[in-house]
2 protein chains.
Amino acid sequence: MKKPRANSRDKILAAAADVARESGPGNLSLDAVAQRAGVSKGGLLYNFPTKAKLMQALVEHHLQEFQEALEEARRECAQGNLLAAYVKLSAKKFEEDQPPSAWIFSAIAEDPDFLAPIRVFQRELFDRLKAETPDFKALLLTYFAVEGMRSASLFDFQVLSEQERQSLVSSLLSVAKGKLAPVPEPA
Amino acid sequence: MKKPRANSRDKILAAAADVARESGPGNLSLDAVAQRAGVSKGGLLYNFPTKAKLMQALVEHHLQEFQEALEEARRECAQGNLLAAYVKLSAKKFEEDQPPSAWIFSAIAEDPDFLAPIRVFQRELFDRLKAETPDFKALLLTYFAVEGMRSASLFDFQVLSEQERQSLVSSLLSVAKGKLAPVPEPA
DNA sequence: CTTACTGTACCGTCTGGACGGTCTTGTCAA
DNA sequence: TTGACAAGACCGTCCAGACGGTACAGTAAG
């Protein structure tokens with residue numbers, strides 16, 4: 001009857017994210033995760049021998065997912081514009097704000113070093129963007145504005161209306177396509 | 001000397017920020033804070049009767065400081081341009097990355113609701129910016145790019161070189177002053 | 001026999017916070 | 001001036017509970 005194997009791992013990972021969101025990032029306990037995942041504590045510890053390993057897996061799982069989504073978004077994007085794909089993918093994630101990734105705060109609370117893989121990821125992504133984007137200033141503006149939106153959604157700052165957000169996204173796509181120009185100064 | 005150690009509160013607040021940075025946001029314990037502040041645990045509990053009150057004070061203290069710095073930066077800014085002041089002040093904070101505010105993660109881990117005052121602050125600030133900035137699209141771009149930089153500095157993503165950061169800041173100031181704008185898409 | 005768990009019992013440590021005591025300072029009547 | 005007294009600021013200790021992790025016996029499937 002048991003369908004063991006990888007299924008459990010994913011269930012546990014999802015449960016951890018749920019618990020972090022519902023009980024607060026500081027109250028993510030192994031007992032709670034096990035219960036939520038419908039798994040015994042022993043079973044949890046069998047899959048992730050320590051809490052640190054759980055957190056690490058959480059981070060890596062998320063990164064891998066994002067990476068795959070990015071590659072796919074790029075394929076769907078005109079001329080394979082990476083920056084535009086990044087903007088679009090991020091915007092899509094911000095819309096479905098159902099799961100505000102609170103698990104990341106759990107990981108940071110556990111040990112700030114869990115951010116290291118994210119740092120590497122972010123750095124590599126930025127380097128790729130630098131290599132592929134002709135207008136560097138436009139890249140800077142776009143990239144950081146997207147990160148700003150991500151930050152706002154992470155902390156749940158709802159500062160923009162639906163329209164305003166769409167307006168910003170379309171501005172960003174314009175800039176990403178190199179449509180940024182100095183305005184002539186009035187004499 | 002009505003209050004023998006009136007600055008105890010400030011010492012404790014500073015100590016809490018230090019401990020959060022040095023021991024990790026998840027290891028901010030009252031004992032550690034008390035020790036760091038050169039105060040007994042009883043003394044700490046006297047000033048902040050509960051850990052939650054400590055966290056709240058941490059957030060409010062920080063907000064108040066930022067608010068005052070912003071008003072001052074504005075006075076120093078040409079035409080009292082609020083957006084430009086915001087950019088400049090934020091940029092200044094990012095340079096002195098000595099104290100990456102890890103205490104905020106402690107607060108979130110303790111209880112995500114501690115973000116509420118920040119949300120209010122951010123909303124009010126944005127509303128003021130909206131009222132005072134003629135070009136709304138430029139505001140969006142600038143504001144979120146600044147938030148993106150803040151996020152990068154918070155998570156310690158060092159993705160930019162010194163030059164690159166300065167370049168971005170000057171771009172942002174240009175946009176803030178209306179000298180750079182996304183070109184509207186041709187119909 | 002191995003894999004992949006379940007279930008229970010247990011341990012050592014850490015933490016928030018309650019509590020009672022102590023020292024210092026200010027106030028005010030005599 | 002002085003002595004009594006109250007309030008403010010802080011100290012040290014103790015404790016119940018929670019948490020991460022271990023150990024181990026059992027079990028069902030392949």
Side-chain angles (χ1 to χ4, degrees), chain A residues 1-20 22-59 102-103 105-114, chain B residues 1-20 22-59 102-103 105-114:
Chain A
M1 277 293 195
K2 294 292 154 66
K3 188 64 185 171
R5 238 347 191 280
N7 200 346
S8 265
R9 277 184 69 96
D10 290 346
K11 266 190 351 190
I12 291 170
L13 255 17
D18 289 348
V19 172
E22 288 166 22
S23 311
N27 299 328
L28 192 143
S29 69
L30 296 186
D31 290 274
V33 172
Q35 195 172 349
R36 176 76 185 222
V39 162
S40 75
K41 193 175 173 182
L44 192 161
L45 268 321
Y46 178 81
N47 285 280
F48 303 97
T50 159
K51 193 179 185 181
K53 295 273 183 189
L54 212 204
M55 296 303 184
Q56 196 186 334
L58 221 43
V59 171
W103 57 266
F105 295 123
S106 302
I108 295 172
E110 189 66 22
D111 184 345
D113 290 347
F114 285 126
Chain B
M1 282 247 229
K2 269 227 158 171
K3 299 175 131 196
R5 311 283 200 280
N7 58 347
S8 261
R9 277 183 69 95
D10 291 344
K11 271 197 337 192
I12 290 171
L13 255 18
D18 289 349
V19 170
E22 288 166 20
S23 312
N27 299 326
L28 190 132
S29 69
L30 296 186
D31 290 276
V33 173
Q35 196 172 350
R36 176 77 184 221
V39 163
S40 78
K41 195 173 173 183
L44 191 156
L45 267 323
Y46 176 81
N47 285 280
F48 304 96
T50 158
K51 194 179 185 182
K53 294 272 183 190
L54 212 203
M55 296 304 184
Q56 196 187 334
L58 222 42
V59 171
W103 57 265
F105 294 123
S106 302
I108 295 172
E110 190 67 22
D111 185 345
D113 290 346
F114 286 127

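We use all heavy atoms of the structure for the numbers below, so side chains are in, but hydrogens, waters and symmetry mates are not. Below, chain A is the first sequence line, B the second, and so on; all start at residue 1.
Whole-Å rounding puts the A:E110 CD to D:dG21 C1' distance at 13 Å. In this structure, A:K51 atom NZ and D:dT22 atom P are separated by 14 Å, rounded to whole Å. Rounded to an integer number of Å, the gap from A:L45 CG to D:dG20 P is 10 Å. Summarising the geometry, the separation between CG on A:L28 and C1' on D:dA18 is reported as 14 Å, rounded to the nearest angstrom. For A:M55 and D:dC19, the CE to P distance is 13 Å, given to the nearest whole Å.
Partners of B:S40 by side chain to side chain contact (heavy atoms under 4.5 Å, CB included), not counting sequence neighbours: none found. In this view, B:D18 and B:R21, B:R36 satisfy the salt bridge (Lys or Arg N to Asp or Glu O under 4.0 Å) rule, not counting sequence neighbours. Evaluation of the side chain to side chain contact (heavy atoms under 4.5 Å, CB included) rule for A:A32 yields A:V19, A:S29 as partners, not counting sequence neighbours. Listed by chain and residue number, A:D31 satisfy the salt bridge (Lys or Arg N to Asp or Glu O under 4.0 Å) test with A:K41 (two or more places apart in sequence, or in another chain).
Proximity of A:V39 to A:N47: side-chain heavy atoms (C-beta onward) are nowhere separated by under 4.5 Å.
Among the nucleotides C:dC5, C:dG17, D:dC10, the one closest to any side-chain atom of A:S8 is C:dC5. Checking D:dG20, D:dA9, C:dC5 against the side-chain heavy atoms of A:Y46 singles out C:dC5 as nearest.
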Give every pair of a protein N or O atom and an N or O atom of nucleotides 11-13 of chain D that lie under 3.5 Å apart, one pair per line with the distance.
| unit_1 | atom_1 | unit_2 | atom_2 | d |
| --- | --- | --- | --- | --- |
| D:dC11 | OP2 | B:S40 | N | 2.4 |
| D:dC11 | OP2 | B:S40 | OG | 2.7 |
| D:dC11 | O5' | B:S40 | OG | 3.1 |

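Every pair passing salt bridge (charged side-chain N to carboxylate O under 4.0 Å, His left out) that includes a residue from residues 44-54 of chain B is listed here, sequence neighbours excluded: B:K51-B:E110.
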